[in-house]
S.K.: 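Mind having a look at this structure? Questions to follow.
Both ligands and their constituent atoms are indexed starting at 1 by order of listing.
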Amino acid sequence: MITIIRNAKVYQPEEAGRKDILLIDGKIGAVAENISLEIKNADGLLSEIDATGMIAVPGFIDSHTHMTGGGGEGGYRTRTPEAVLTDFTMAGITTAVGCLGTDGVTRNMISLLAKAKGLEEEGLSTYIYTGSYHVPPVTVTGEVMKDLLIVDKIIGIGEIAVSDHRSSQPTLSEFQRLAADARVGGMLSGKAGILNIHLGDGSRMLDLILQTVEQTEIPITQFLPTHINRNRELFEEGILYAKKGGYIDFTASNDPVFWEEKYGEVRTCTGIKRLLDENISQDQFTISSDAQGSLPLFNEKMEFVGLGVGKPECILKEIRAAVLEYKIPLEVMLRAVTVNPARILKLTGKGRIEAGFDADLCLLDEAELILDTVFCKGKRMVYDGHPEVYGTFE
Ligand SMILES: CC(C)C[C@H](NC(=O)C[C@H](N)C(=O)O)C(=O)O
Ligand SMILES: [Zn+2]
Ligand SMILES: [Zn+2]
């Protein structure tokens, strides 16, 4: 199938004006004005979309999702459900990275890998981290480096929990060994070998990463700490950390006002505005959804009092609020879910609307940023705001 998208205002993520976009063989063939194509006796092969009044943006890369389900902090009934295909595509997400969390026992690497492969069969691009909260990490092969070398979808380790009453309380040397294995495993396999680090509410915050960077030769860019905005003290540390050249990942929220007011979270928009005020580079932060992860609440005595579930659409909601309410440039928000995760996680061919890249893109109405169309590797998954492709059991 060959598709020409006509007259869209293109954000590559940088703004490129009104262009046509040619999609061919799952790739972006060209981004240019007035593309014309002469195809002989191949009727039904070419489709055209009039994107007047719409913007085209690269498909979102969600660098932290519990696609096979997570949770469990309140006992068996709180194990959260797995994601289905349209959870992602209807949120503009065309690439999802899966991880395990608190529960690395009833959830395991084989089921996570199978889930990622299932979503890939249905049209999404997927990758996974090996491990869970726990150190030593659960793996597929028994070893982190071997996982990176022989399981194509494994791009790093995560989400490793630190500064959290639910973490395995890793020692500095355990943490340093993990970072070393991820880094070298990544080198040998040509992958990022990133460590996606879960930051809890504990007072030790980013200490294990900072001590590792100070005491070893491992660069700060080996780490992608997430939930940086979960409370104000941590976010302030996150700013100092970013000033040292580190990457930080915001967890978008489905009810940002509630979490900001009731639990002192720093709303993603608020945080990004602050980073811009602090002149922190737009290349250093990402936004992820924690989709299907549990959002548990604990009281002062650390007793479980309830939980929500992360939802992928929180990313697009935050982008919309950023542009329409916080007056943050669309390109800044797009970088956080396209070229930044693509570069940090070494996802080649992802994250840009540019010839040669995978044909992962979204069309949104220009005024309200409402999602209209989503392509995954050239396959139209959402059209006119409705799924055209459903997950197998949807
Ligand atoms: C950032 C906060 C709000 C949510 C965060 N979620 C996870 O880490 C995933 C969850 N534990 C799971 O295993 O499914 C948390 O629990 O602290
Ligand atoms: Zn987490
Ligand atoms: Zn998580």
S.K.: Under 3.5 Å between some N or O of ligand 1 and some N or O of D164?
M.R.: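 No, D164 has no N/O under 3.5 Å of an N/O on ligand 1.
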S.K.: Starting from atom 5 (C) of ligand 1, locate the nearest protein heavy atom and write down its residue, its atom name and how far away it is, to 0.1 Å.
M.R.: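 It is D290 OD2, 3.6 Å.
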S.K.: For atom 10 (C) of ligand 1, find the nearest protein heavy atom and state the residue, atom name and distance (0.1 Å precision).
M.R.: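 Ranking protein heavy atoms by distance from atom 10 (C) of ligand 1, first comes S294 OG, 3.2 Å.
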S.K.: Within rounding of 10°, what is the angle whose vertex is the Zn ion (ligand 3) and whose arms end at OD1 of D290 and NE2 of H66?
M.R.: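 About 90° at the Zn ion (ligand 3).
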S.K.: Considering only heavy atoms of E73, which atoms of ligand 1 have at least one such atom less than 4.0 Å away?
M.R.: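 Contacts of ligand 1 toward E73, numbered from 1: 10 (C), 11 (N).
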S.K.: Report, in ascending order of atom number, the atoms of ligand 1 lying under 4.0 Å from any heavy atom of G101.
M.R.: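 Reading through ligand 1 atom by atom, the close ones are 13 (O).
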S.K.: Please indicate whether any nitrogen or oxygen in T251 is less than 3.5 Å from any nitrogen or oxygen in ligand 1.
M.R.: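 For ligand 1, there is no N or O atom that lies under 3.5 Å from one belonging to T251.
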S.K.: Which of the numbered atoms in ligand 1 are below 4.0 angstrom from a heavy atom of L295?
M.R.: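 Those qualifying, in numeric order: 4 (C).
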S.K.: Looking at H198, pick out the N, O or S atom nearest to the Zn ion (ligand 2) and give its name.
M.R.: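 Per the distance ranking, H198 contributes ND1 as its closest N/O/S atom to the Zn ion (ligand 2).
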S.K.: Give the residue and atom name of whichever protein heavy atom lies nearest to atom 8 (O) of ligand 1, and the separation in Å to one decimal.
M.R.: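 Here the closest protein heavy atom is Y133 OH, 2.6 Å.
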S.K.: Quick one: report the N, O or S atom of E159 that is nearest to the Zn ion (ligand 2).
M.R.: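 Distance check against the Zn ion (ligand 2) picks out OE1 in E159.
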S.K.: Is the closest side-chain heavy-atom distance between L148 and D181 below 4.5 Å?
M.R.: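 Counting from C-beta outward, L148 and D181 never come under 4.5 Å.
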S.K.: Quick test: of every protein heavy atom, which one is nearest to atom 1 (C) of ligand 1, and how far off is it to 0.1 Å?
M.R.: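 Nearest protein contact, heavy atoms only, for atom 1 (C) of ligand 1 is H227 ND1, 3.4 Å.
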S.K.: So, do R320 and E368 sit near enough that their side-chain heavy atoms are less than 4.5 Å apart?
M.R.: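 They are not in side-chain contact.
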S.K.: Determine, using ring centers only, whether H64 and H227 are less than 6.0 Å apart.
M.R.: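 Centroid distance H227-H64: below 6.0 Å, so yes.
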S.K.: Could you report the tightest heavy-atom contact between F304 and T78, atom names first, then the distance?
M.R.: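 Shortest heavy-atom contact: CZ-CG2, 4.0 Å.
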S.K.: Between E33 and R18, is there a salt bridge with N-O shorter than 4.0 Å?
M.R.: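 No.
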S.K.: Consider only side-chain N and O atoms of T52 and N7, and report whether a donor and an acceptor are under 3.5 Å apart.
M.R.: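 Per modelled atom types, T52 and N7 side chains form a pair under 3.5 Å.
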S.K.: Can you find a heavy atom in the side chain of C314 that is under 4.5 Å from one in the side chain of S253?
M.R.: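 Sidechains of S253 and C314: no contact.
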S.K.: Which of the numbered atoms in ligand 1 are under 4.0 angstrom from any heavy atom belonging to G70?
M.R.: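 Listed by number with element: 14 (O).
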S.K.: Give the minimum heavy-atom separation between L345 and S63, together with the two atoms involved.
M.R.: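 For L345 and S63, the tightest heavy-atom pair comes out as CD1-CB, 3.8 Å.
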S.K.: Please give me the minimum heavy-atom distance between T141 and E143, naming the atom from each residue.
M.R.: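 Between these two residues, the closest heavy atoms are OG1-O, 3.0 Å.
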S.K.: As an exercise, identify every atom of ligand 1 less than 4.0 angstrom from a heavy atom of G71.
M.R.: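 Numbered from 1, ligand 1 contributes 12 (C), 13 (O), 14 (O).
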S.K.: Closer than 4.0 Å to some heavy atom of E159 - which atoms of ligand 1 meet that?
M.R.: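 In order of numbering, the contacting atoms are 7 (C), 8 (O), 9 (C).
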S.K.: With heavy atoms under 4.0 Å as the rule, classify the contact between H198 and ligand 1 as side chain, backbone, both or neither.
M.R.: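 Answer for H198: side chain.
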S.K.: Is ligand 1 under 4.0 Å from a heavy atom in the side chain of L100, in the backbone, in both, or in neither?
M.R.: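 Neither part.
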S.K.: Return the orientation label for the H198 and Y133 ring planes: parallel under 30°, perpendicular over 60°, tilted otherwise.
M.R.: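 Ring orientation of H198 relative to Y133: tilted.
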S.K.: Is K350 paired with D358 through a side-chain N to carboxylate O contact shorter than 4.0 Å?
M.R.: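 Yes, charged N to carboxylate O under 4.0 Å.
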S.K.: Near T102, which atoms of ligand 1 are under 4.0 Å from a heavy atom of that residue?
M.R.: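 Here the atoms of ligand 1 in question are 11 (N), 13 (O).
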S.K.: Quick check on the Zn ion (ligand 3): does H64 put an N/O/S atom closer than 2.8 Å to it?
M.R.: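 An N, O or S atom of H64 is closer than 2.8 Å to the Zn ion (ligand 3), so yes.
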S.K.: Just to verify, which of I319, V323, L276 counts as forming a side-chain contact (heavy atoms from CB on, under 4.5 Å) with I328?
M.R.: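 Going through I319, V323, L276 one by one, the side-chain contact (heavy atoms from CB on, under 4.5 Å) with I328 is satisfied by L276 alone.
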S.K.: Should you measure from each heavy atom of R166, which atoms of ligand 1 turn up under 4.0 Å away?
M.R.: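 Those of ligand 1 that fall under 4.0 Å from R166 are 11 (N), 15 (C), 16 (O), 17 (O).
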